[in-house]
Chemist: 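Take this structure, written in structure tokens, and hold onto it; I'll ask about it next.
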Amino acid sequence: MIEELKKIVFEENLKLVKHGLVVLTWGNVSGIDRQKGLVAIKPSGVPYESMTAEDMVVVDMEGNVVEGRYKPSSDTPTHLYLYKNFKDIGGVVHTHSLSATSWSQAGQAIPAYGTTHADCFYGEVPCTRKLTKEEIEEAYELNTGKVIVETFADKDYMAVPAVLVKNHGPFTWGATPEKAVENAVTLEAVAQMAINTLSINPAAVPVEKYLLDKHYFRKHGKNAYYGQNTTNKKY
């Protein structure tokens, strides 16, 4: 199972390059095997073009390396904190994709301006508060995870499977690593659409709730009818 998970995580990391979501080595995908309590994640700073499935690093839930010749991603503490607190997720993605990161740097949530957004995210994609100087100096990556979870204290993390970390960049998640990457691709697209929308009409307002509901719930929930019947595999 771990070898299969490593292969999937490797392939999903390569998709970040394919979809133009990463520059150099600025991004990572992880996946979790909840039965074993193990996480596979991209190694820190290893170029995508030379990376192999065997290079994926396996860590336990405390961040101890169980398998792998490299150091895990420096964002590993963030991923682990999300897995510990978001019990239904099976994959996490972090990128510095240009449009979503621009919203992060502006410290602004991405409003749901249309149905493309509503198909994936049930409402605005929130932006966290800024981390304090003490939080950054004490345990930066761990506290990044904590501020994400704090932001979702009154939100459904599966209905809005994405966040913007202020002055940093986006994180997305999903039931599987594949779904987490799909959400990262969608997030970047709607982030750019939102920028375009405001450039055309700075007074644009979010979509009405009845249209948001229609588009979100036709793809999600027990009465969803979009697409074919498939079952997500959880690791």
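A quick note: this is a predicted structure, and the numbers were derived from the prediction, not measured. Values reported hereafter were calculated over all heavy atoms of this structure, with side chains retained and with hydrogens, waters and symmetry mates removed.
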Chemist: Does atom NZ of Lys84 have more than 12 heavy-atom neighbours, drawn from other residues, nucleotides or ligands, at distances under 6.0 Å?
Modeler: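 Correct, the count exceeds 12.
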Chemist: If the condition is salt bridge (Lys or Arg N to Asp or Glu O under 4.0 Å), which residues does Glu49 pass it with, not counting sequence neighbours?
Modeler: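 For Glu49, no residue satisfies salt bridge (Lys or Arg N to Asp or Glu O under 4.0 Å) once neighbours in sequence are set aside.
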Chemist: Please find the pair of heavy atoms, one from Leu21 and one from Thr95, that lie closest to each other, and give the distance.
Modeler: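 Heavy atoms only, the tightest pair is O-CB, 3.5 Å.
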Chemist: Cation-pi check for Tyr48 against Lys18: NZ or CZ below 6.0 Å from the six-membered ring centre and within 45 degrees of the axis, yes or no?
Modeler: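 Negative - Lys18 is either too far from the ring of Tyr48 or too far off its axis.
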Chemist: To the nearest 0.5 Å, what is the distance between CH2 (Trp103) and CG (Leu164)?
Modeler: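 With rounding to 0.5 Å, CH2 (Trp103) is 9.0 Å from CG (Leu164).
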Chemist: Are Glu11 and Lys15 close enough for a salt bridge, meaning some N to O gap below 4.0 Å?
Modeler: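 Salt bridge flag = no for Lys15 with Glu11.
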Chemist: Val190 versus Tyr113: any side-chain heavy-atom pair under 4.5 Å?
Modeler: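 A side-chain contact under 4.5 Å is absent here.
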Chemist: Return yes if some donor-acceptor pair links the side-chain N/O of His220 with the main-chain N/O of Asp119 below 3.5 Å, else return no.
Modeler: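 Pair found, side chain donor or acceptor close to backbone of Asp119.
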Chemist: With a 3.5 Å distance limit and no angle check, can you tell me whether Gln108 reaches the backbone of Cys127 through a side-chain donor-acceptor pair?
Modeler: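 Between the backbone of Cys127 and the side chain of Gln108 there is no qualifying donor-acceptor contact (under 3.5 Å).
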Chemist: Could you tell me the separation between the OG1 atom of Thr76 and the OH atom of Tyr83, rounded to the nearest 0.5 Å?
Modeler: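 Rounded to the nearest 0.5 Å, the OG1-OH separation comes to 10.0 Å.
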Chemist: Got a second to check how far Glu138's CD is from Lys133's NZ, nearest 0.5 Å?
Modeler: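 Taking CD in Glu138 and NZ in Lys133, the distance rounds to 12.5 Å.
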Chemist: Verify the distance criterion only: is there a donor paired with an acceptor across the side chains of Asn183 and Thr172 at less than 3.5 Å?
Modeler: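 Thr172 and Asn183 do not have a side-chain donor-acceptor pair below 3.5 Å.
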Chemist: Specify the closest pair of heavy atoms between Ser104 and Pro170, including all atoms of both residues, with the distance to one decimal.
Modeler: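 Heavy atoms of Ser104 and Pro170 come nearest at OG-N, 4.0 Å.
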Chemist: Treating Ile, Leu, Val, Met, Phe, Trp and Tyr as nodes and any side-chain heavy-atom pair under 4.5 angstrom as an edge, say whether Val92 and Trp26 lie in one connected cluster.
Modeler: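 Looking at the clustering, Trp26 is in a separate group from Val92.
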Chemist: Testing the basics here: between Gly145 and Leu82, what is the closest heavy-atom pair and its distance to 0.1 Å?
Modeler: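 Nearest heavy atoms, Gly145 then Leu82: O-CD2, 4.2 Å.
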Chemist: How about Tyr81 and Ile148: do any of their side-chain heavy atoms sit closer than 4.5 Å?
Modeler: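 No. Closest side-chain heavy atoms not under 4.5 Å.
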Chemist: Please determine if Lys179 and Glu182 form a salt bridge, counting it only when a charged side-chain N lies under 4.0 Å from a carboxylate O.
Modeler: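 The answer is yes: the pair qualifies as a salt bridge.
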Chemist: Which distance, rounded to the nearest 0.5 Å, do you find between the CD1 of Ile110 and the CE of Met193?
Modeler: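 With rounding to 0.5 Å, CD1 (Ile110) is 11.5 Å from CE (Met193).
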Chemist: Taking all heavy atoms of Asn13 and all of Met51, pick out the closest pair and write down the distance.
Modeler: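 Shortest heavy-atom separation between Asn13 and Met51 comes out as CB-CE, 3.9 Å.
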Chemist: Could you tell me the separation between the NE2 atom of His19 and the OG atom of Ser97, rounded to the nearest 0.5 Å?
Modeler: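 OG of Ser97 is found 12.5 Å from NE2 of His19.
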Chemist: Using the rule that two of Ile, Leu, Val, Met, Phe, Trp, Tyr join whenever any of their side-chain heavy atoms come within less than 4.5 Å, decide whether Val181 and Leu98 are in one cluster.
Modeler: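 Different clusters.
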Chemist: Does a side-chain N-to-carboxylate-O contact under 4.0 Å join Lys214 and Glu208?
Modeler: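 No salt bridge links Lys214 with Glu208.
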Chemist: Salt bridge or not for Lys6 and Asp55, using N-O below 4.0 Å?
Modeler: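 Asp55 and Lys6: not salt-bridged.
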Chemist: Measure from the ring center of His168 to the ring center of His94 and say whether it is less than 6.0 Å.
Modeler: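 Judged by ring-centre distance (under 6.0 Å), His168 and His94 do meet the cut-off.
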Chemist: Should Lys42 and Glu12 be marked as a salt bridge (charged side-chain N to carboxylate O under 4.0 Å, His left out) after you check the CA-CA gap, both sets of side-chain angles, and the distance that decides it?
Modeler: CA-CA 10 Å; Lys42 179 184 177 291; Glu12 295 307 308; over 6 Å; no
Chemist: Is any side-chain heavy atom of Pro126 closer than 4.5 Å to one of Phe152?
Modeler: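 With C-beta onward as the side chain, the pair touches.
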Chemist: Hey, any chance Tyr157 and Tyr122 share a hydrophobic cluster, counting ILVMFWY side chains that come within less than 4.5 Å of each other, even indirectly?
Modeler: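 Different clusters: Tyr157 never reaches Tyr122 through Ile, Leu, Val, Met, Phe, Trp or Tyr contacts under 4.5 Å.
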Chemist: Let me check something: do Val160 and Phe217 share a hydrophobic cluster, defined by ILVMFWY side-chain heavy atoms less than 4.5 Å apart, either directly or through other members?
Modeler: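 Hydrophobic grouping puts Val160 apart from Phe217.
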Chemist: So, for Val39 and Leu80, which heavy atoms are closest and what is the spacing to 0.1 Å?
Modeler: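 Of all heavy-atom pairs spanning Val39 and Leu80, the closest is CG2-CD2, 3.8 Å.
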Chemist: Side chain to side chain contact (heavy atoms under 4.5 Å, CB included) between Thr186 and His117: does it pass, once the steps are laid out?
Modeler: CA-CA 8 Å; Thr186 304; His117 184 122; over 6 Å; no
Chemist: Measuring from atom CZ of Phe171 to atom OG1 of Thr78, what distance do you get when rounded to the nearest 0.5 angstrom?
Modeler: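 Nearest 0.5 Å value for the CZ-OG1 distance: 4.5 Å.
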Chemist: With no hydrogens and no angle check, just 3.5 Å: does a side-chain donor-acceptor pair link Thr176 and Glu178?
Modeler: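 Yes.
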Chemist: Between Asn28 and Ser73 (side chain of the first, backbone of the second, donor and acceptor by atom type, cut-off under 3.5 Å), is there such a pair?
Modeler: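 Answer holds: no.
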Chemist: Does the pair Arg129/Glu150 count as a salt bridge with the N-to-O cut at 4.0 Å?
Modeler: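 Yes, Arg129 and Glu150 are salt-bridged.
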Chemist: Write down the atom of Pro72, the atom of Ser44, and the distance for their closest heavy-atom approach.
Modeler: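 Where Pro72 meets Ser44 most closely, the heavy atoms are O-CB, 3.3 Å.
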Chemist: If you define the side chain from C-beta out and look only at heavy atoms, does anything of Glu137 sit under 4.5 Å from Thr132?
Modeler: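 Result no, sub-4.5 Å side-chain heavy-atom pair not found.
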Chemist: Please lay out, stage by stage, how Val65 and Tyr70 fare under the test side chain to side chain contact (heavy atoms under 4.5 Å, CB included).
Modeler: CA-CA 9 Å; Val65 174; Tyr70 289 115; over 6 Å; no
Chemist: Do Val46 and Val23 belong together in a cluster built from hydrophobic side chains that touch within less than 4.5 Å?
Modeler: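 No, Val46 does not connect to Val23 through the hydrophobic network.
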Chemist: Would Ile41 and Val9 count as a side chain to side chain contact (heavy atoms under 4.5 Å, CB included) here? Give the steps.
Modeler: CA-CA 7 Å; Ile41 193 166; Val9 168; 5.6 Å; no
Chemist: For Val29 and His79, what are the C-alpha separation, side-chain angles and deciding distance, and is it a side chain to side chain contact (heavy atoms under 4.5 Å, CB included)?
Modeler: CA-CA 9 Å; Val29 180; His79 289 239; over 6 Å; no
